[in-house]
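Here is the structure we will look at, set down as C-alpha cells.
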Protein chains: 2
Amino acid sequence: MFVNINATPAARPRFLGEHDDQSRASVLVTEFKYIRGAEIFGEAEPAEYVYQVVEGAVRSYKLLSDGRRQIGAFHLVGDIFGLENGAMHRFTAEAIVDTSVRLAKRINLEHAARADALVSRELLSMTTSNLQHAENHMLLLGRKTSLERVAAFLLEMDGRVSAAGVMALPMSRRDIADYLGLTLETVSRALSSLHEKGFLEFLGQTQRQIVLRNRSELAKLDL
Amino acid sequence: MFVNINATPAARPRFLGEHDDQSRASVLVTEFKYIRGAEIFGEAEPAEYVYQVVEGAVRSYKLLSDGRRQIGAFHLVGDIFGLENGAMHRFTAEAIVDTSVRLAKRINLEHAARADALVSRELLSMTTSNLQHAENHMLLLGRKTSLERVAAFLLEMDGRVSAAGVMALPMSRRDIADYLGLTLETVSRALSSLHEKGFLEFLGQTQRQIVLRNRSELAKLDL
DNA sequence: CGAAGTATTGAGACGTCTCAAAATTAGTGG
DNA sequence: CCACTAATTTTGAGACGTCTCAATACTTCG
C-alpha cells in the first residue's frame with residue numbers, strides 16, 4: 001500500500017504549505033496508494049491527514065440511513081481533499097479507480113499555518129473555493145432539470161479531465177447520478193439525448209470517453 | 001436609511017475581529033437599515049462590506065436566467081454574511097423583513113486578519129461553518145423527499161428563531177420553497193401534513209408562528 | 001470465452017409541479 | 001378602528017418529469 005514515488009519536483013503540483021522558497025520549512029509529505037473502491041477516510045472519523053490526488057480519482061459523499069447517497073465532489077489529479085477545520089471528516093472519501101495520493105498530517109499543516117501567514121491564507125483560499133463549488137452545486141441540485149445538470153457536469157469535467165478534446169471520465173453513471181441528485185437511468189437518458197442532439201460523441205468502445213461538440217450551445221443548457 | 005444605534009455593548013453579539021480585549025485595534029463598524037424586500041448587495045457586485053444582522057432577517061440567493069431561484073442561506077440575528085474571499089459577492093442578499101445590519105469594510109477586516117492571527121482564524125472558522133452548512137444542504141437538495149426537507153427546515157429554524165418554544169418564521173412559503181428546492185404549494189402541503197400528524201401547531205391567526213411537538217419524532221423524518 | 005459488472009432502453013408508477021380557485025391574513029387609507 | 005384591497009396560504013385536480021422495475025446490450029476482466 002505504501003509507495004515512495006518522488007516524481008520530478010518540477011512536474012508535480014504544489015501541495016498546501018509548500019513553497020518554491022526551499023529555505024522555508026515544509027510539512028512532511030508521504031505517498032499512499034488505494035485500490036479502486038477503497039475507502040480513504042470515513043465520515044465522522046478523526047481528520048488526521050490532508051490529501052492530494054497524484055493519480056486517479058476520488059469521490060466524497062454523505063449517506064442517509066437508508067443508503068441514499070449524495071456525492072459532494074470529485075477529486076481529480078492535483079486536487080486537495082480531506083481538509084477540515086474541525087476535528088472530524090464531514091464526508092466519506094473513496095478511490096473511484098486505483099489512486100495514489102500524497103498526504104500530510106493535519107497537525108503539521110496547522111503548525112505551518114500558525115507560523116506562516118501565507119499558508120494560512122492558502123488554507124482560507126482552498127476552503128473558499130470548496131464553498132464556492134458547494135454554492136453552485138446547491139443551485140444545480142435545487143433548481144436545474146436533469147438535462148441541465150448533466151450538461152453542467154460535462155462542462156465541469158471537460159475543464160478538468162479533458163486532454164486533446166477527449167474527456168475520459170473515471171466515474172460510473174451511478175457516481176454521476178449521485179453527484180447530480182438523479183438516478184443512473186436518468187443520467188444515461190440525458191447523455192443519450194445529448195448524443196442524439198449532436199452535443200457529444202462517445203469514443204471507441206467505451207461509454208466513458210466523450211468528446212464535446214458545440215460547447216457554447218451546450219453552455220446554454222447549463223442555465 | 002442610516003442609523004447609529006449603539007446598543008449596550010454587553011448585549012450585542014461579537015463581530016468578526018472584535019475582541020473583549022479593548023486595547024486591540026478593532027475594525028470600524030457602522031449600522032444600516034434596510035426595509036423589507038430591499039437588496040443589500042447583488043450577485044457579482046464588488047464585495048466592499050461584510051455584514052452582521054442586528055435585527056430582522058436576510059436571504060442570500062442565486063438566480064437562473066429564467067428566474068428560478070435558489071436560496072443558499074437565511075441570515076438571522078447575530079449572523080454574519082457577505083463574507084467573501086474573492087472580490088465579488090457570490091449571492092444576492094435581500095432583507096426579508098425590515099432589517100438593521102452592522103457592517104465593516106472588507107479591506108479593514110483583511111488588514112486586521114493580516115495583523116492578527118486570531119482574526120485570521122476566525123475568518124477561516126466562519127468560512128468553514130458556511131461550507132459545512134452548504135454540504136449538508138447539498139444532501140438535502142439532492143436526496144431528501146419534500147417531507148424530509150420541510151422537517152429538516154423546521155428543526156434548523158427551531159434551533160435559531162425559537163423563543164419559549166415558539167418559532168416565529170420571518171420568511172414566506174415561497175422563500176422556504178426556494179431554500180428547499182420545492183414549490184411553495186409543496187411546502188404548504190408538507191406543513192399541513194405535519195400538522196395533521198401532530199408534529200406542529202400553528203399559533204394565533206398566523207401561519208408563521210409554529211410550535212413543534214415531539215421534536216425527537218420529527219428528527220426521524222430528517223433522515 | 002464465460003462471467004460479472006456497467007450502460008442503455010422501455011413501460012408504468014409515483015412525487016412534485018402547474019394551474020386554478022378559495023380561504024385567510026396583512027396592509028392601507030379614510 | 002373599519003373597510004377595502006393586496007398579498008399570502010391552503011387546497012384541489014390534472015400534467016409532467018423523474019424514478020422504479022425489468023429486460024437487453026455492451027464492456028471488462030479473469
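Atom set for the values below is all heavy atoms of this structure, side chains included, hydrogens, waters and symmetry mates excluded. Chain naming here is simple, since letters A, B, ... match the order of the sequence lines and numbering starts at 1 in each.
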(request) Using five base pairs at each end, measure the axis-to-axis angle across the helix from C/dC1-D/dG30 to C/dG30-D/dC1 and round it to 10 degrees. (result) 60°
(request) Report the distance from atom CG of B/D79 to atom CZ of B/F74, rounding to the nearest 0.5 Å. (result) 12.0 Å
(request) To the nearest 0.5 Å, tell me how far B/E201 CD sits from B/L203 CG. (result) 8.5 Å
Among [range], which residues get a heavy atom nearer than 4.0 Å to DNA chain D?
{"range": "residues 152-166 of chain A", "answer": "none"}
{"range": "residues 177-188 of chain B", "answer": "B/L184, B/E185, B/S188"}
{"range": "residues 143-150 of chain A", "answer": "A/T145, A/S146"}

(request) Find which nucleotide of DNA chain D each of B/R174 and A/G204 is nearest to by heavy atoms, and output the residue with the more 5' nucleotide. (result) B/R174
I'd like to know if [X] pairs up with [Y] as an ion pair, taking the criterion as any Lys NZ or Arg NE/NH1/NH2 lying under 4.0 Å from an Asp or Glu carboxylate oxygen.
{"X": "A/E84", "Y": "A/R106", "value": "no"}
{"X": "A/D178", "Y": "A/R59", "value": "no"}
{"X": "A/E43", "Y": "A/K62", "value": "yes"}

Check whether any side-chain N or O of [X] sits under 3.5 Å from a backbone N or O of [Y] as a donor-acceptor pair, and report yes or no.
{"X": "A/Q52", "Y": "A/G78", "result": "yes"}
{"X": "B/R215", "Y": "B/D158", "result": "no"}
{"X": "B/S172", "Y": "B/D175", "result": "yes"}

Can you confirm whether [X] is buried at [atom1], in the sense that more than 12 heavy atoms of other residues, nucleotides or ligands lie under 6.0 Å from that atom?
{"X": "B/E55", "atom1": "CD", "answer": "no"}
{"X": "A/R174", "atom1": "CZ", "answer": "no"}
{"X": "A/R208", "atom1": "CZ", "answer": "yes"}

(message) With heavy atoms of chain A within less than 4.0 Å as the criterion, where does contact along DNA chain D begin and end?
(response) D/dT18 to D/dT28
(message) Here's a test for you: under ring pair (Phe, Tyr, Trp, His ring centres under 6.0 Å), which of A/F91, A/Y179, A/Y34, A/F81 qualifies with A/H75?
(response) A/F81
(message) Given A/F41, which partner from the list A/F32, A/Y51, A/Y49 fulfils the ring pair (Phe, Tyr, Trp, His ring centres under 6.0 Å) test?
(response) A/Y51
Show each protein N/O and nucleotides 1-6 of chain C N/O combination with a separation under 3.5 Å, one pair to a line.
residue: C/dT6; atom: OP1; partner: A/R36; partner atom: NH2; Å: 2.9
residue: C/dT6; atom: O3'; partner: A/R208; partner atom: NH2; Å: 3.3

(message) Is the shortest side-chain heavy-atom distance between A/R173 and A/L191 below 4.5 Å?
(response) yes
(request) Report yes if some heavy atom in the side chain of A/K144 is under 4.5 Å from a heavy atom in the side chain of B/Q70; otherwise report no. (result) no
(message) Just by distance, no angles: are the side chains of A/K197 and A/S193 close enough, under 3.5 Å, to form a donor-acceptor pair?
(response) yes
(request) Work out which heavy atom in A/R102 is nearest to a heavy atom in A/V54; give both atom names and the distance. (result) CG-CG2, 3.2 Å
(message) Rounded to whole Å, please give me the gap between CZ in B/F202 and C1' in C/dA23.
(response) 14 Å
